[in-house]
Visitor: 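One structure is given below, represented as structure tokens, and several questions about it will come after.
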Amino acid sequence: MYSPVVMAVASSIVVVHYFSDFITTRVSIETTLDECKAEVFRKWKQFTPLGICFFFREGGKDLPVDCDYLLQALASITNNKKKTSSDIFLKNVTHVASSSRSREVSSVSNGSSTSSRNNYAVGMYLEDRRKPAKPSLSDAWPKVLGEIGHVFVEGVKEVRIAYTKYRFRTGFNMVVTYNERSRFTAKCALKECGWKFHAASIDDRNEMFQVRAYNPEHTCGAGGRNLNQKYSTIFSSSLIE
């Protein structure tokens with residue numbers, strides 16, 4: 001009996017950067033731009049799919065990723081080059097100065113224009129009016145460790161930085177039991193608390209780590225917190241970079 005051959009869809013990991021923060025997501029040659037924006041919104045609640053745009057850097061220039069084709073081409077090229085990941089950057093367009101948008105809103109209210117561009121400007125303007133002040137980048141740090149299956153594409157260094165962000169932002173006392181090239185394990189300092197995080201290498205060169213076990217719930221309460229957390233100069237340097 002004839003069985004059709006099912007071809008695997010080419011895909012790659014895309015690291016989305018926003019200043020010193022980042023998330024990872026998988027993009028294939030079938031992923032749409034709207035789907036990618038929705039995934040970013042799911043992980044970073046301070047943005048909206050309508051209010052963000054992507055770009056990548058090539059030859060010292062910022063080039064927009066503004067259509068499905070460009071996003072899918074990025075995934076295809078990364079896959080063909082046998083690279084583990086590619087980088088794109090996020091721009092929050094709702095925080096751009098709105099003086100020009102205010103003029104467009106005025107023209108729409110006077111009935112002088114009904115173009116989709118002005119309608120878009122009105123939507124962005126109203127969204128800005130509803131949004132609170134720009135949130136701190138550290139607001140997303142409590143979720144920076146991801147979940148079981150999450151991949152850190154820069155190895156144990158990225159895991160250490162993510163763990164420090166989590167510890168610094170949440171204030172919980174935790175201890176690291178393994179901190180090696182091939183594995184990283186941490187747990188709450190209080191024995192009765194069930195919080196535990198474990199990530200391990202998934203390749204021979206230890207270049208990529210995956211979260212293997214993670215219990216994100218602290219049962220130690222306020223007694224397990226220390227608001228005077230210390231961090232290393234390496235961590236400070238990573239934020240500056």
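Values in this document were obtained by computation on a predicted structure and should not be read as measured data.
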Visitor: Checking Phe41 against Phe47 for the ring pair (Phe, Tyr, Trp, His ring centres under 6.0 Å) test, could you report, in this order, the C-alpha distance in whole Å, the side-chain angles of both residues, the deciding distance, and whether it holds?
Guide: CA-CA 6 Å; Phe41 171 64; Phe47 304 121; 9.1 Å; no

Visitor: Does any non-hydrogen side-chain atom of Cys220 lie less than 4.5 Å from one of Phe172?
Guide: yes

Visitor: Shared ILVMFWY cluster between Met208 and Val211, side chains joined below 4.5 angstrom?
Guide: no

Visitor: Any heavy-atom pair between the side chains of Asp203 and Ser201 that's under 4.5 Å?
Guide: yes

Visitor: Same cluster or not: are Ile29 and Ile77 linked, directly or through other Ile, Leu, Val, Met, Phe, Trp or Tyr residues, by side-chain heavy atoms under 4.5 angstrom apart?
Guide: no

Visitor: Quick one: do Glu154 and Lys157 make a salt bridge, cutoff under 4.0 Å?
Guide: no

Visitor: Do Thr31 and Leu71 come close enough that some side-chain heavy atom pair is under 4.5 Å?
Guide: yes

Visitor: Is the shortest heavy-atom distance from the side chain of Tyr166 to the side chain of Met174 under 4.5 Å?
Guide: yes

Visitor: Please give me the minimum heavy-atom distance between Val144 and Ala162, naming the atom from each residue.
Guide: CG1-O, 3.2 Å

Visitor: Is there a side-chain contact between Phe209 and Val151, using heavy atoms and a 4.5 Å cut-off?
Guide: no

Visitor: To the nearest 0.5 Å, tell me how far Ser182 OG sits from Asp204 CG.
Guide: 11.5 Å

Visitor: Judged by atom type as modelled, is there a donor-acceptor pair below 3.5 Å linking the side chain of Glu207 to the main-chain atoms of Gly155?
Guide: no

Visitor: With sequence neighbours left out, write down each residue that passes ring pair (Phe, Tyr, Trp, His ring centres under 6.0 Å) with Phe152, or none if nothing qualifies.
Guide: His150

Visitor: How about CZ on Arg212, more than 12 heavy atoms from neighbouring residues, nucleotides or ligands closer than 6.0 Å, or not?
Guide: yes

Visitor: I need the His198 NE2 to Thr185 OG1 distance, nearest 0.5 Å.
Guide: 4.5 Å

Visitor: Do you know the tightest heavy-atom contact between Gly194 and Thr219?
Guide: N-OG1, 3.6 Å

Visitor: Should Leu70 and Leu63 be counted in the same cluster of Ile, Leu, Val, Met, Phe, Trp and Tyr side chains packed under 4.5 Å apart?
Guide: yes

Visitor: Does any non-hydrogen side-chain atom of Tyr214 lie less than 4.5 Å from one of Ile148?
Guide: yes

Visitor: Nearest heavy-atom pair of Val175 and Cys188: which atoms, and what distance?
Guide: CG2-O, 4.4 Å

Visitor: How close do Trp44 and Val16 get, counting heavy atoms only, and between which atoms?
Guide: CH2-O, 3.7 Å

Visitor: Quick check on the hydrophobic clustering: are Val14 and Tyr18 connected, directly or via other members, by side-chain heavy-atom contacts under 4.5 Å?
Guide: yes

Visitor: With ring pair (Phe, Tyr, Trp, His ring centres under 6.0 Å) as the criterion, how do Tyr163 and Phe184 come out once you've worked through the C-alpha distance, each side chain's angles and the decisive distance to 0.1 Å?
Guide: CA-CA 10 Å; Tyr163 165 76; Phe184 182 96; 5.4 Å; yes

Visitor: Show me the pairs that pass side-chain hydrogen bond (donor to acceptor under 3.5 Å, both in side chains) and involve residues 56-66, at least two apart or across chains.
Guide: Arg57-Asp62

Visitor: With sequence neighbours excluded, what pairs up with Glu192 under the side chain to side chain contact (heavy atoms under 4.5 Å, CB included) test?
Guide: Leu190

Visitor: Report the distance from atom OG of Ser11 to atom CD of Gln72, rounding to the nearest 0.5 Å.
Guide: 12.5 Å

Visitor: If hydrophobic clusters are built by linking Ile, Leu, Val, Met, Phe, Trp and Tyr wherever their side-chain heavy atoms come under 4.5 Å apart, do Tyr178 and Val156 end up in the same one?
Guide: no

Visitor: Which heavy atom in Asn206 sits nearest to a heavy atom in Arg181, and how many Å separate them?
Guide: CB-O, 3.4 Å

Visitor: If we ignore hydrogens and angles and just use 3.5 Å, is the side chain of Glu39 paired with the main-chain N or O of Cys36 as donor and acceptor?
Guide: no

Visitor: Is the shortest side-chain heavy-atom distance between Trp195 and Glu217 below 4.5 Å?
Guide: no

Visitor: Kindly compute the distance separating CZ (Phe89) from CZ (Phe56), expressed to the nearest 0.5 Å.
Guide: 11.0 Å

Visitor: Report yes if the side chains of Asp21 and His17 come closer than 4.5 Å at any heavy-atom pair, otherwise no.
Guide: no

Visitor: If you apply the rule side-chain contact (heavy atoms from CB on, under 4.5 Å), what do you find for Ile88 with Leu74, and how did you get there?
Guide: CA-CA 10 Å; Ile88 62 175; Leu74 183 65; 3.3 Å; yes

Visitor: What is the minimum heavy-atom distance between Ile52 and Lys37, and which atoms define it?
Guide: O-NZ, 3.1 Å

Visitor: Look up atom OG in Ser86 and atom NZ in Lys81, then write down how far apart they are to the nearest 0.5 Å.
Guide: 10.5 Å

Visitor: When rounded to the nearest 0.5 angstrom, what is the spacing between CG in Asp68 and CD in Glu30?
Guide: 12.0 Å

